[in-house]
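Shown next, in structure tokens, is the structure this report addresses.
Hydrogens, waters and symmetry mates are skipped; everything else that's a heavy atom, side chains included, is used. So that the names make sense, note that chain A is the first sequence line, chain B the second, and so on, each numbered from 1. Since the model is a prediction, treat every value here as computed from it, not as a measurement.
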Number of protein chains: 2
Amino acid sequence: MKVTTKTKYALLSLSEFDREEKIISIRQLSEKYSISKKYLERIFCDLESCGIVEGKRGPKGGYKLSKPPSQITLKDIIESLEKEVKVMDCEGIRLQCPFNKNCRIIPFWKTLNKLIEDYLGSVTLEQILRKEVVDGSKS
Amino acid sequence: MKVTTKTKYALLSLSEFDREEKIISIRQLSEKYSISKKYLERIFCDLESCGIVEGKRGPKGGYKLSKPPSQITLKDIIESLEKEVKVMDCEGIRLQCPFNKNCRIIPFWKTLNKLIEDYLGSVTLEQILRKEVVDGSKS
DNA sequence: TATAATACCTACTATTAAGGTAGGAATTAT
DNA sequence: ATAATTCCTACCTTAATAGTAGGTATTATA
């Protein structure tokens, strides 16, 4: 029930891109956050293939956002990096349970999945940059 | 970002206990849901050590709930079986990120953790038994 | 009081996913 | 030409998941 370090590192890194035009290299990010350069490369390849960032090669190259931060949600980011975003998927390929149709648990898993999905979809990178995500754990 | 099969099997099994007094054996549950008997045993040991069920040995033995279903939340169950309930814990032991104090991401993780925790704490086993958990994915 | 059914306990094993590393090829500003 | 970058593929190590195996302790009941 944990999010992987890929997502953790991606969010930290992406929080440096405060404008759509800003170009930052993997080396800079790797040094600032003490994250393995090679690992970050792989993370940004994933982000690129999902249309979140664009790479530019050569000196002064690096990555930039392919959309303004206001149009990138955390759902987009997490879906690029996590194998499975749903916390539990009883209807996937390997459904071992023979009671799927009348299962009393499935509605609960669906609701939980949707709760998470909706929240992730509602938070944008811009909100994080501006510290607009209220810390709900204190309320 | 997935819940383990332990929790999946536990919920399926616990959904058979519709009264606090009802005693069901591992064998019965294992046969009904085609879950490994040995694995289920281990799951129920965890549930017992967290005070959710009580075992009774001997013939006609088995497990029963140690509280009425209305007083058992899914949070209780999941916390008994999952190593980590928080989706991301930046403040745990292995905090590699040197920017914890001023991190712009932490409030987001906290909010997400709390969202999940609150939901899990709000759903009782009784609600699941009575199919009172609305499938939120359709709305 | 023997038997059989159950929970309970500890150690082991196999598979998969996470979290990286390594080595290079392609591109491009200077 | 060079050096800095992204981009690509394969590999490695560790830890967690998902079980198995083999037994011991307890207890209803015949």
Side-chain angles (χ1 to χ4, degrees), chain A residues 1-10 12-13 22-31 33-50 52-66 78 80-89 92-94 96-97, chain B residues 1-10 12-13 22-31 33-50 52-66 78 81-85 87-89 92-94 96-97:
Chain A
M1 192 142 177
K2 283 199 94 166
V3 165
T4 64
T5 56
K6 274 193 173 183
T7 295
K8 178 177 179 175
Y9 296 161
L12 281 171
S13 300
K22 193 166 189 174
I23 293 186
I24 311 177
S25 70
I26 295 292
R27 185 182 44 73
Q28 290 173 297
L29 293 168
S30 143
E31 284 170 4
Y33 290 105
S34 308
I35 302 169
S36 148
K37 193 162 160 265
K38 284 291 182 183
Y39 199 34
L40 253 191
E41 276 181 4
R42 287 221 344 217
I43 291 169
F44 272 81
C45 279
D46 289 345
L47 291 172
E48 176 159 58
S49 70
C50 290
I52 291 172
V53 298
E54 286 169 9
K56 196 191 164 200
R57 297 184 185 187
K60 299 206 173 164
Y63 283 95
K64 65 180 280 294
L65 302 180
S66 56
I78 291 182
S80 309
L81 299 164
E82 299 289 325
K83 174 171 280 185
E84 185 76 60
V85 176
K86 285 182 179 172
V87 164
M88 171 60 72
D89 187 7
I93 303 161
R94 299 191 57 198
Q96 300 146 329
C97 168
Chain B
M1 191 140 176
K2 284 200 93 168
V3 165
T4 65
T5 56
K6 273 193 174 185
T7 294
K8 179 179 180 176
Y9 296 161
L12 280 172
S13 301
K22 192 165 190 173
I23 293 186
I24 311 178
S25 71
I26 294 292
R27 185 181 46 71
Q28 290 172 297
L29 293 169
S30 144
E31 284 170 5
Y33 289 106
S34 308
I35 301 168
S36 147
K37 191 161 163 264
K38 284 293 184 183
Y39 198 34
L40 253 191
E41 276 182 1
R42 286 223 342 220
I43 291 169
F44 272 80
C45 279
D46 289 346
L47 291 172
E48 176 159 57
S49 70
C50 290
I52 292 173
V53 297
E54 286 169 9
K56 196 192 165 200
R57 297 186 185 185
K60 299 205 173 165
Y63 283 96
K64 65 180 280 294
L65 301 179
S66 57
I78 291 182
L81 299 165
E82 299 289 322
K83 174 171 278 183
E84 184 77 59
V85 176
V87 164
M88 171 60 73
D89 187 7
I93 303 161
R94 298 192 57 199
Q96 299 144 331
C97 168

Would you kindly give the [atom1]-to-[atom2] distance between [X] and [N], to the nearest whole Å?
| X | N | atom1 | atom2 | answer |
| --- | --- | --- | --- | --- |
| B:K83 | D:dA15 | NZ | C1' | 8 Å |
| A:E84 | C:dA17 | CD | C1' | 13 Å |
| B:M88 | C:dA18 | CE | P | 12 Å |
| B:K56 | C:dA7 | NZ | P | 11 Å |
| A:K2 | C:dA18 | NZ | P | 13 Å |
| B:I43 | C:dC9 | CD1 | C1' | 16 Å |
| A:D46 | D:dT9 | CG | C1' | 14 Å |
| A:L40 | D:dA4 | CG | P | 19 Å |

Would you mind writing out the side-chain donor-acceptor pairs for residues 22-29 of chain A within the sub-3.5 Å range, not counting sequence neighbours?
from: A:K22; atom 1: NZ; to: A:D18; atom 2: OD1; distance (Å): 3.3
from: A:S25; atom 1: OG; to: A:Q28; atom 2: N; distance (Å): 3.3
from: A:S25; atom 1: OG; to: A:Q28; atom 2: OE1; distance (Å): 3.3
from: A:Q28; atom 1: OE1; to: A:S25; atom 2: N; distance (Å): 2.9

Which pair of non-hydrogen atoms, one from [X] and one from [Y], has the smallest distance, and what is that distance?
| X | Y | value |
| --- | --- | --- |
| A:L40 | A:S30 | CD1-N, 3.6 Å |
| A:K2 | A:E82 | O-OE1, 4.4 Å |
| A:M1 | B:V85 | CG-O, 3.7 Å |
| A:V3 | B:M88 | O-CE, 3.8 Å |
| B:I43 | B:Y9 | CD1-CB, 3.9 Å |
| A:S80 | A:D46 | O-CB, 3.9 Å |

request  = Just call it for B:Y63: base, sugar-phosphate, or nothing, with non-hydrogen atoms closer than 4.0 Å on any strand.
outcome  = sugar-phosphate
query = Could you give the angle between the helix axes at the two ends of the helix from C:dT1-D:dA30 to C:dT30-D:dA1, with five pairs per end, rounded to 10 degrees?
reply = 10°
ask   = Would you say B:Y63 and B:S13 make side-chain contact, with heavy atoms under 4.5 Å?
value = no
Look at [X] and [N] and indicate whether a side-chain polar atom (N or O) is within less than 4.0 Å of OP1 or OP2.
| X | N | value |
| --- | --- | --- |
| B:T5 | D:dA18 | yes |
| A:R27 | D:dA4 | no |
| B:K60 | C:dT6 | no |

message = Please encode protein proximity along nucleotides 21-27 of chain C as a string of B, S and -, counting only heavy-atom distances under 4.0 Å.
response = BBBB-BB
task = Verify the neighbour count for atom NZ of A:K86: are there more than 12 heavy atoms of other residues, nucleotides or ligands below 6.0 Å?
result = no
